[in-house]
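Right, one structure below, let's go through it.
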Amino acid sequence: MRRWGGRFTGQTDERVVDFTRSIEVDAALAADDIEGSMAHVRGLGRAGILEPAEVDGLIEGLRGLAVEVEAGDVAWDPALEDVHMNLEAALEARIGPVARKLHTGRSRNDQVATDLRLWTRRAIDRLVEAIIGFERALVGLAEREIETVLPGTTHIQPAQPVLLAHHLLAYVEMLERDRGRLADARRRLNVSPLGSGALAGAGYALDREASARELGFDGPTANSMDAVSDRDFVVEVLAAAALSMVHLSRLAEEITWWSNPAFGFVRVADAFSTGSSMMPNKRNPDPAELVRGRAAGSIAALTAMLGILKGLPLAYQRDLQDDKPLLFGTVATFEASLGVLTGLVETLSIDAARMRAAADEGFTTATAVADALVGRGVAFRSAHQVVGALVAAAEARGVRLDAVSDEEVAIALRSTDDGAALALASDRAAGAGHVLRAAASVEAAIAAMDVVGGTAPVRVRAALASARERLGPG
Ligand code: ARG
């Protein structure tokens, strides 16, 4: 049974068999394992180690096996430990003893490293597509709500009004970086360990360049010991995924707050809400909550992988087997989170009037008013004092900043010991009250933020157009 059992006389303890087995997890590598085996077989043929007829027989057998794997028809035998042994045995059952030549010049160590790079490369391509889909959903919502205003916060307190589109585009920026990190990882991982053997290389004249090219790799790895034990690419993908999950979690957190009726900013569609078993009134944004919760698991996977690597001497050590549940689990969670949030955002209803009303609260235009005073020659520190006094006056009277009287403006201007402010206070003809009230509207405050990266509508429209250009329609 044990395909490595030649030197053993005793049986393996059943607990060890159970403990070391990985087929339940690494069966996911089957298609990649077969692809790698095909490249290896052709390489053995090119090196004259296999006869052309043997190459043909093995390739044909592997093709048949690939179809079986694709159809889910392979019965994985737990006694065969892992996907590599299972496929080799299945190949032998299919085409006979020539299958026993497959593992020439190869170890499971370079084999699994090759398989995992192929798997990860495909996973990255899927993830990047899923991120693009989510970015498109955010951009679509921003385009639909291009006029919508909300109170931007710092310290969770009302700070300055911003366009909702600007807020959403902040997440698009994060996701663009996330996509870039995955693309970086893909570039670095795209080398072929095949031909590295167990750790020292292969004792056959294998053309590693050729087999690397055949598998779509940029070239062979440069050092066999590194090749069989390097899982940096797993760490890089886990790090990129953990950070992106953190970004998704931040948006998920905002959506949970915004959908609370006390905010009433958004309504999550029925399709993305769930109810309570006890409280008939409940509509819960559970998908968003679970994205937030599962970000924790992604962070844990990254730290677990780093922990696995930190104590490993060269070269391959069995600890490395446990990279797969971490990577597979994180990729699945990340992909599912992107899918569910994409749908949630696509179907999200926005209450623009509620957002706008909230932006009018909390004196969110105070900074814009201070800036208007600066425009009249007042030093910013003094303008800050003046507007602070105006906020206090407006708050005491229960009015907004755009409803302060000329008298209140005059008093506030005099409240500073600053020369410029005093000059302006005495210059009633300059219409200071009118200037400040005009600057205090939400629209004026937003329009004033007219710098690259600012929330002025002209800037946001340009940013939105360039995001749309980058991402394509959809
Ligand atoms: N299941 C192993 C892994 O994932 C495959 C390589 C095993 N190599 C070995 N010498 N036992 O790392």
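One-based numbering, in listed order, for ligands and for the atoms of each. Treat the numbers as computed from the prediction; the structure is a model and nothing was measured.
Judged by the 6.0 Å and 45° rule, Arg121 forms a cation-pi pair with Phe217.
When the side-chain hydrogen bond (donor to acceptor under 3.5 Å, both in side chains) test is applied to Arg318, the partners found at least two apart in sequence or on another chain are Glu81, Gln321.
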Starting from the N and O atoms of ligand 1, find every protein N or O within less than 3.5 Å and list the pair with its distance.
residue  : atom   : partner : partner atom : Å
ligand 1 : 1 (N)  : Gln321  : OE1          : 2.7
ligand 1 : 4 (O)  : Lys324  : NZ           : 2.5
ligand 1 : 8 (N)  : Asn109  : OD1          : 3.0
ligand 1 : 10 (N) : Asn109  : OD1          : 3.4
ligand 1 : 12 (O) : Tyr316  : OH           : 2.4

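A salt bridge does not link Arg46 with Asp207: none of the charged nitrogens is closer than 4.0 Å to a carboxylate oxygen. Classification of Glu135 and Arg179 as a salt-bridged pair holds, one side-chain N sitting under 4.0 Å from a carboxylate O. One finds no salt bridge joining Arg63 and Glu68 here, because no Lys/Arg side-chain nitrogen approaches an Asp/Glu carboxylate oxygen to under 4.0 Å.
Taking the six-membered ring where tryptophan is involved, the planes of Phe263 and Phe265 are perpendicular, since the angle between them exceeds 60° and thus also 30°.
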